[in-house]
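Here the structure is laid out as structure tokens; the discussion comes afterwards.
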Amino acid sequence: MKTSEAIAHLVRQALESAQKSGDLPPAGDVEVIIEKPKQAEHGDFSSSVALSLTRAMSMAPMKIAEQIAVHMPASRLVTGVSVAAPGFVNFTISSDWLIGQIEEIMNAGQTYGNTADGSGQRVQVEFVSVNPTGPLHVGHARGAVLGSSIANVLQAAGFEVQREYYVNDAGAQMRVFYDTLYARFMQAAGQDVPLPDPAYPGEYLADLARDLFHENPGLIDAGEESIRATISPLALDRTLAEIRSVLETLRIQYDNWFYESALTETGTLAKTLEFLEKSGYIVERDGARWFRTTAFGEEEDDVVIRSGDQVPTYFGTDLAYHYDKFLIRHFDRVVNVWGADHHGHVSRLKAAVTALGGDPEDLTIILNQIVSFKNEGETVRFSKRKGNIVTVEELVSEVGADACRFIFLSRTPNAQMEFDLALATRQSSENPVYYVQYAHARLAAILRNAEEQGLSSEGADVSLLVHGAELELLRRLVELPDVVHRSARNLEPHHLPYYAMELAKTLQRFYEQCRVISDEPGDLPLTKARLRLVEAAKTVFARTLDLMGMTAPERM
RNA sequence: GCGCCCGUAGCUCAGUGGAUAGAGCAUCUGGCUUCGAACCAGAGGGCCGGGGGUUCGAAUCCCUCCGGGCGUACCA
């Protein structure tokens, strides 16, 4: 349960009751926002609703706040309500309620933190979707981590999530890929076939072609067409398999791999064009077919079917792809995670969704800004074209999947970021990744020790938990549902690592101040109670790390 | 030129229109005979890029300027 939502509910009741009794004037609909004050002396939660009602009620904010306080219904959750200038209402959470949450956490286990925000709506999250022409480049890692975490968080928030990779196996890039592959294959056979222009540079394709040649040496006499027909799909499968396995090292898995070529093969493309033609959004001009983006206030129309070869452009298949997402597969919402260099496509794709009869609000495009990589202060930008490729595989083996995820995750997507390889690699206290994991490992160690001594939390009386550090830890633990809610609502998983650090900080303070396993026989009840708290804390840590796609180590 | 994103502590970054703007790292001062010191307690460090506006209240919204990044194809 979201604590802030529960308090907001009480405040709404208080407002209603105050208005019913005439203590406050009517004011129409108000949004009751509950937040966590920065200063502890302002309580556990606070609301500025009185301040925002000043105008509507034409009353002094302090008076409104006082009436809210007076009319607050009794509850197990809130013990203290106070009013502070210039018109805040501050709330204190009862320790009874907090202690009761330990059992909530234990019962929920790895579902703790889940919310019902999504109410089962079907959401598709599409991310990475890099052309399968070679290994994943470091530049793609951020979108991968971001997309998968968004999916995690949406799932936790009660959405039915599908993770999808859009395989661009049909465009011009792929033709270049196949042409290069063929030339490399022939070269591997010792034939003097020049590289096409343009061609894919780099060792990857040469290696791949060589492998394919050694596996199928007899193929060389079959003629170009038949060679291509054999090696092209093999190369695609192999490249995709490699992409898939690298993503798996980052703990990313997909529910669906959607092939662009399927859009033409199943007739979806034709159906989409027909659909849009009927409503007048597709027109023919200069031998090409255009989508009338200008009908949606954009400056220029966009080609969907090129003149000459009559091949669909990327945007052309993208139209069909989104027709498929919304009109065939009927997703309630679609989230696409793109690199910021694609931002020029956002508005026209939104226009397309509108033209397809959908609500552009149902399509959210998250753009992640580029990452510049740094090594001890020296900035390097990697570029596929320049040939100095650094792959995701290299990055993960260098830095580790957990650190990678944590670092990429702790920035808002729309801010550029610097990734310091040296810093990320350093496994010291400089790196907050390990601080968080260490906290989990420490909890695991305590539970191990307890078990060795034959101690358990069995029959614990948690009402013995009255120490400030214990309650502080509990207050932090029960924030997780709110963090999930906020991350899902704004599609901003970067709140998770910050929460995780706060959680770890609070845990360490608890650890310093409250010894869990006591040697004194008389302390047994308290030991049991604290073990129960430790179990709950470990559960929340594990869940938080899981949402971030990180491991929760028992030992480090 | 036009469009989008960013500018917050020495560095890397958080910050839901709210109260005295925060964290990690770095720097400095303390703390291990007890469950893991990958830890804890504390200190210093800021015209929130500049200037206008909106309002009870702005780092946050609007305008404008400056600085940086990315786009601006019948490429994907």
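Below, read A as the first sequence line, B as the second, and so on, with proteins coming before strands; counting in each chain starts at 1.
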Shorter than 3.5 Å, N or O on both sides, protein versus nucleotides 58-61 of chain B: list them out with atom names.
none

With heavy atoms under 4.0 Å as the rule, sort A:D519 into base, sugar-phosphate or nothing. nothing
Sorted by chain and residue number, the side chain to side chain contact (heavy atoms under 4.5 Å, CB included) partners of A:D169 (sequence neighbours excluded) come out as A:V167, A:L236, A:Y259, A:E260, A:S261
Measure the distance between the ring centre of A:H42 and the centre of the six-membered base ring of B:rA19, then answer whether it is under 5.5 Å with planes under 30°. yes
Applying side chain to side chain contact (heavy atoms under 4.5 Å, CB included) to A:R555 and not counting sequence neighbours gives A:R448
Are the side chain of A:E470 and the backbone N or O of A:R530 linked by a donor-acceptor pair below 3.5 Å?
no
Winner on side-chain proximity to A:F88, out of B:rC74, B:rG18, B:rC39, is B:rG18
Hits for ring-ring contact (aromatic ring centres under 6.0 Å, His included) against A:F406, two or more places apart or cross-chain, chain-then-number order -> none
Contacts of A:R142 meeting salt bridge (Lys or Arg N to Asp or Glu O under 4.0 Å) (sequence neighbours excluded), chain-then-number -> none
Among B:rG15, B:rA23, B:rG22, the one nearest any side-chain atom of A:Q39 is B:rG22
Phosphate contact (B:rG24 OP1 or OP2) by A:K505 side-chain N/O below 4.0 Å: yes
Taken to the nearest whole Å, CD/A:E299 to P/B:rC4 is 11 Å
Those residues at least two apart in sequence (or on a different chain) that pass side chain to side chain donor-acceptor pair (under 3.5 Å) with A:S4 are A:D482
Short side-chain N/O contact to B:rA37 OP1/OP2 from A:R442, under 4.0 Å: yes
Regarding the side chain of A:H343, the nearest nucleotide among B:rG15, B:rC74, B:rG71 is B:rG71
Check: Contact class for A:S307 vs. all strands (heavy atom < 4.0 Å): base, sugar-phosphate, or nothing?
Finding: base
Between protein and nucleic acid, restricted to nucleotides 46-50 of chain B and to nitrogen or oxygen atoms under 3.5 Å apart, what atom pairs and distances do you find?
none

Across all chains, not counting sequence neighbours, the side chain to side chain contact (heavy atoms under 4.5 Å, CB included) partners of A:L195 are A:T180, A:A183, A:R184, A:Q187, A:A199
Examine distances only and state if a side-chain atom of A:N431 and a backbone atom of A:V433 form a donor-acceptor pair shorter than 3.5 Å. yes
Of B:rU12, B:rG15, B:rA19, the nucleotide closest to the side chain of A:E418 is B:rU12
In numerical order, the residues of residues 52-69 of chain A whose heavy atoms come under 4.0 Å of RNA chain B are A:S52, A:R55
When all nucleic acid strands are considered with a 4.0 Å heavy-atom cut-off, which category describes A:A441: base, sugar-phosphate, or nothing? base
Review point. Taking OP1 and OP2 of B:rU16, is either one under 4.0 Å from a side-chain nitrogen or oxygen of A:R486?
Key: yes
Item to check | Presence of A:N131 side-chain N/O under 4.0 Å of B:rC75 phosphate oxygens OP1/OP2 | outcome: no
*Look at all strands and tell whether A:A340 reaches a base, only sugar-phosphate, or nothing, counting heavy atoms closer than 4.0 Å.*
sugar-phosphate
A:E284 meets the side chain to side chain donor-acceptor pair (under 3.5 Å) criterion, sequence neighbours left out, with none
Residue pairs passing the side-chain hydrogen bond (donor to acceptor under 3.5 Å, both in side chains) test with at least one member in residues 47-62 of chain A, sequence neighbours excluded, are none
Original post:
Is A:A172 touching bases, backbone alone, or none of the nucleic acid, heavy atoms closer than 4.0 Å?
Top reply: sugar-phosphate
Comparing A:D341 with A:N168, nearest RNA chain B nucleotide closer to 5' gives the residue A:D341
Remember a base hit wins even if backbone is also touched, and classify A:N90 as base, sugar-phosphate or nothing at under 4.0 Å, heavy atoms.
base
Scan A:M417 against the nucleic acid and name what it touches under 4.0 Å (heavy atoms): base, sugar-phosphate only, or nothing.
sugar-phosphate
For A:H9, the side chain to side chain contact (heavy atoms under 4.5 Å, CB included) test, sequence neighbours excluded, returns A:R12, A:Q13
